[in-house]
Amino acid sequence: MNLLKPLVSLICFIIMLNLSVRAESLKALNYYTEEFFPYNYSHQGELSGFSFELLELIYDHLGQPVPEVKILPWPRAYVMAQYQPNSVLFSTIKTTNRLSMFRWVCPINVSRAQLFGLLDSQLNITQLSDLNNIKIAVLRGQAIDGFLSKKGFEDSLVRVKSLEQASRLLALRRVQALAMVSQHNSVDMQSFKLLYSLFESEYCFAFNLAVEAAQVAIFSQALAAVQASPEYQKLYLKYFSQ
């Protein structure tokens with residue numbers, strides 16, 4: 001029995017050393033995101049937002065310095081995350097179409113995809129088929145874009161580069177509805193009303209498939225630990241107190 005104790009200690013040391021090396025290797029990852037208030041956005045030249053501060057808490061928990069995060073237009077960031085081996089994209093909505101494209105760590109938060117119209121809109125939408133023959137402004141390349149395209153509404157979509165552009169089109173009545181996710185409140189929504197809820201999913205960290213499963217598992221465990229902490233509750237209330 002006494003001979004076993006040193007062996008057990010050695011095995012535990014090797015395991016802990018391996019985990020430490022794995023956590024250290026997370027520093028080699030390249031993180032990409034987009035301008036997506038309040039989750040990730042630039043403020044006075046600095047990256048801010050709920051998802052970015054959550055990433056800071058995760059790396060603090062791991063005892064590692066926070067890696068550089070690059071803000072890119074969504075289509076470019078999305079391609080980079082798919083084809084660059086050591087890349088991570090956030091905040092990415094986890095959809096059925098995207099499941100096999102990344103290794104997922106979730107949730108950052110819940111995403112609710114919704115349709116909005118002007119306050120005086122007479123549209124009565126109770127099912128997807130009611131969307132026929134109306135024009136819908138949608139952010140190009142976003143999950144809602146893909147969802148509505150797959151559902152057969154390709155001809156109804158007016159793709160734009162920003163939510164501000166989409167809201168202007170709606171205000172000018174060039175489209176009848178605006179598709180967006182809840183909590184993406186970078187525009188004043190007081191002039192719009194909810195018409196229909198499309199789907200509910202999760203915002204996640206999407207890891208390139210070449211990232212080792214063990215690395216992703218360490219990151220996932222750190223996320224779970226952070227979300228159980230008082231610091232996470234303070235962070236959540238900072239951005240989503242209402």
Under the salt bridge (Lys or Arg N to Asp or Glu O under 4.0 Å) test, residues paired with [X] that sit two or more places apart:
X	answer
Glu154	Arg159
Glu56	none
Glu231	none
Arg168	none

Indicate the ring-plane relationship of Tyr41 and Tyr239, choosing parallel, tilted or perpendicular according to the 30° and 60° boundaries.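 Aromatic pair Tyr41/Tyr239 classed perpendicular.
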Would a single hydrophobic cluster contain both [Y] and [X], if residues Ile, Leu, Val, Met, Phe, Trp and Tyr are joined by side-chain heavy-atom contacts under 4.5 Å?
X	Y	answer
Met101	Ile144	no
Leu209	Phe90	no
Phe205	Val69	yes
Val105	Phe102	no

Minimum heavy-atom separation for Arg173 to Gln176, with atom names?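 Smallest heavy-atom distance, with atoms named: O-NE2, 4.3 Å.
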Give the minimum heavy-atom separation between Val160 and Ala166, together with the two atoms involved.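 Taking Val160 first and Ala166 second, the nearest heavy atoms are CG2-CB, 3.7 Å.
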If you look only at pairs with a residue in residues 129-159, which of them pass as a ring-ring contact (aromatic ring centres under 6.0 Å, His included), with sequence neighbours excluded?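 For residues 129-159: Phe147-Phe199.
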Report the residue from Asn40, Leu89, Thr92 that forms a side chain to side chain contact (heavy atoms under 4.5 Å, CB included) with Tyr32.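 Result: among Asn40, Leu89, Thr92, Leu89 is the only option passing the side chain to side chain contact (heavy atoms under 4.5 Å, CB included) with Tyr32.
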If you measure from [atom1] on [X] to [atom2] on [Y], what distance do you get to the nearest 0.5 Å?
X	Y	atom1	atom2	answer
His61	Ile58	NE2	CD1	9.5 Å
Leu169	Lys135	CG	NZ	12.0 Å
Met180	Phe192	CE	CZ	9.5 Å
Leu47	Leu55	CG	CG	9.0 Å
Leu157	Arg140	CG	CZ	10.5 Å

What about the rings of Phe50 and Tyr203, do their centers lie closer together than 6.0 Å?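 No, too far apart.
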Sub-4.5 Å side-chain heavy-atom contact between [X] and [Y]:
X	Y	answer
Ser51	Thr33	no
Leu118	Leu170	yes
Leu178	Leu163	yes
Ile108	Leu223	no
Pro38	Phe240	yes

Kindly say whether [Y] contributes a backbone atom to a donor-acceptor pair with the side chain of [X] at under 3.5 angstrom?
X	Y	answer
Ser220	Val216	no
Gln165	Ala137	no
Ser149	Gly146	no
Arg103	Val211	yes

CA sep, side-chain torsions, deciding dist, call: Ser42, Glu35, side-chain hydrogen bond (donor to acceptor under 3.5 Å, both in side chains): CA-CA 7 Å; Ser42 52; Glu35 292 283 356; 2.4 Å; yes
N/O donor to acceptor pairs below 3.5 angstrom from side-chain atoms of residues 125-134, sequence neighbours left out:
{"from": "Thr126", "atom 1": "OG1", "to": "Asp130", "atom 2": "OD2", "distance (Å)": "3.1"}
{"from": "Gln127", "atom 1": "NE2", "to": "Ser129", "atom 2": "OG", "distance (Å)": "3.2"}
{"from": "Asp130", "atom 1": "OD2", "to": "Thr126", "atom 2": "N", "distance (Å)": "2.8"}
{"from": "Asp130", "atom 1": "OD2", "to": "Gln127", "atom 2": "N", "distance (Å)": "3.2"}
{"from": "Asn132", "atom 1": "ND2", "to": "Ser129", "atom 2": "O", "distance (Å)": "2.9"}

For [X], what residues pass the side-chain contact (heavy atoms from CB on, under 4.5 Å) criterion, not counting sequence neighbours?
X	answer
Leu99	Lys94, Trp104
Ala210	Pro85, Asn208
Asn86	Leu29, Asn30
Asp155	none

What pairs of residues pass the side chain to side chain donor-acceptor pair (under 3.5 Å) test when at least one of them lies in residues 192-202, not counting sequence neighbours?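 Applying side chain to side chain donor-acceptor pair (under 3.5 Å) to every pair that reaches into residues 192-202, excluding sequence neighbours, yields Arg112-Glu200.
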Could you pull out all donor-acceptor pairs under 3.5 Å where a side-chain atom in residues 71-83 meets a protein atom, sequence neighbours excluded?
{"from": "Trp74", "atom 1": "NE1", "to": "Gly141", "atom 2": "O", "distance (Å)": "3.1"}
{"from": "Tyr78", "atom 1": "OH", "to": "Arg98", "atom 2": "NE", "distance (Å)": "3.3"}
{"from": "Gln82", "atom 1": "NE2", "to": "Tyr78", "atom 2": "O", "distance (Å)": "3.3"}

